[in-house]
Amino acid sequence: MLDQQSETLHFTKNWQQQLSEAFSSIDELCEYLDLEIKDLPVSTLATKNFALRVPISFAASIKKRDPQDPLLRQVLPIADELNLYPGFSHDPVGDLPANIQTGVLHKYQGRALLINTGSCAINCRYCFRRNFPYSELQLNKQSEIAVTDFLATHTDITEVILSGGDPLILSDDRLRTLLHKLSSIAHLKRIRIHSRLPIVLPARITPELLQALKDTGKQIVFVVHCNHANEISSHVSKALQRIKQQGFTIFNQSVLLKGVNDQATQLTKLSERLFEEGVIPYYLHLLDKATGTGHFEVSESIAVDLIKALQISLPGYLVPKLVKEQAGSASKLLINIA
Ligand SMILES: *Cc1c(COP(=O)(O)O)cnc(C)c1O
Ligand code: SF4
């Protein structure tokens, strides 16, 4: 078990080392959190479809001895994942038809989203891509050339979104090569990074990474992914400050998750904490109905009530937009708060 001293030491290691030490078994994670496996609804069978993966930097923010912890619920494989729920499927957001070219999703006007990798630093149990055929669709060095050609010839695309998986799991060398190509495409105005790493592996935000982004000469936008205020540790706070110091904009997207952040008080606190760190709440997503995630679903009518409560408790600019993804739609669908 990690004691306090080795935990402190862990945070002095570089991000690749930290990543290689991430928890990969239910036993290890529960031992670290001082939890009895027999008191939890865990399922090893659920890890067969989608492995457990939790960086120590995220696990350190989970409360010890609390089976109900909202961060734990995001990462612990439980038997509910094996239940079939009506309306839940393997490709709920229609990514497969939009994948017009390997590694590129071009669903929305002016924006192209690149699936730079299928990997993540963490495996969120509610992830809509847990069933996604990544190995076929993600970019490799070869297809990256085709993609940059595609972007160069589509002069209507002004923003490229690096996504995945998590694009920041790529090495600085891989990213630098890609960013260099993107920087030479004149009609691209913005490079957007969709990443959960600033939250779950803040050591990834290195001066070298930030410099590589800055060197593109494009406007840089981060969209991080944080679901609960407890995820914002002092390490996360410092990583966010480093990004802000470059003058980059940071937005946050969350997924509305039963048992994690489905209370108005939790969402209010999340928005407040984010803004303290200079991060603007952007989207609150209704769960994408991916097989294995049904137990996380919050109904649309409850979601609307939550947003109404936030509108009362928060300034308007701290209320995230409630959205859902709809296959074949020209944008994320904004849910009407009547
Ligand atoms: C979400 C998404 C975007 C970005 O949408 P915004 O509303 O601009 O944040 C772009 N492309 C794809 C395929 C997406 O899923
Ligand atoms: S970080 Fe994002 S893409 Fe990765 S597992 Fe979590 S929700 Fe899915």
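As the structure lists them, so they are numbered: ligands from 1, and atoms in each ligand from 1. Note that the structure is predicted; figures quoted are calculated from it, not measured.
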Ligand 2 versus Arg130: contacting region, heavy-atom distance under 4.0 Å: neither
Hey, is Lys258 close enough to Glu297 for a salt bridge, meaning N to O under 4.0 Å? no
Ring centres of Phe23 and Tyr32 under 6.0 Å apart? yes
Any ion pair linking Asp34 and Lys64 (charged N to carboxylate O, less than 4.0 Å)? no
State the atoms of ligand 1, each with its element, that fall below the 4.0 Å cut-off from a heavy-atom position in Glu325. 15 (O)
Of the non-hydrogen atoms in Thr117 and Asp166, which two are nearest, and what is the gap between them? CG2-O, 3.1 Å
Please determine if Lys332 has a nitrogen or oxygen closer than 3.5 Å to a nitrogen or oxygen of ligand 1. yes
For Tyr283, take its heavy atoms, then give the atoms of ligand 1 lying under 4.0 Å from any of them. 6 (P), 7 (O), 9 (O)
Does even one non-hydrogen atom of Asp166 get within less than 4.0 Å of ligand 2? no
Taking NZ, NE, NH1 and NH2 as the nitrogens, is one of them in Glu325 or Lys107 under 4.0 Å from a carboxylate oxygen of the other? yes
If I apply the N/O under 3.5 Å rule, does Arg111 come out as touching ligand 1? yes
Run the numbers for me: atoms of ligand 1, each under 4.0 Å from some heavy atom of Ile161, listed by number. 3 (C), 4 (C), 10 (C)
Side-chain polar contacts of residues 196-210 - donor-acceptor pairs under 3.5 angstrom, sequence neighbours left out - could you list them?
unit_1, atom_1, unit_2, atom_2, d
Arg196, NH1, His225, O, 2.7
Arg196, NH1, Glu231, OE1, 2.9
Arg196, NH2, Gln74, OE1, 2.8
Arg204, NE, Leu168, O, 2.5
Arg204, NH1, Asp172, OD1, 3.1
Arg204, NH2, Leu170, O, 3.1
Arg204, NH2, Asp172, OD1, 2.7
Thr206, OG1, Leu209, N, 3.1

Those atoms of ligand 1 less than 4.0 Å from some heavy atom in Tyr282: 6 (P), 7 (O), 8 (O), 9 (O)
From atom 6 (Fe) of ligand 2 out to just under 2.8 Å, does an N/O/S atom of Cys120 turn up? no
Give the contacting part of His106 toward ligand 1: side chain, backbone, both or neither, where contact means a heavy-atom distance below 4.0 Å. neither
Please answer whether the main-chain N or O of Asp173 pairs with a side-chain N or O of Thr177 as donor and acceptor at a distance below 3.5 Å. yes
What about Tyr317 and Phe275, are their ring centers closer than 6.0 Å? yes
Out of all atoms in ligand 1, which are within 4.0 Å of some heavy atom of Arg192? Include the element for each. 4 (C), 6 (P), 8 (O), 9 (O)
When you measure from atom 8 (Fe) of ligand 2 to the N, O or S atoms of Cys124, does any of those distances fall below 2.8 Å? no
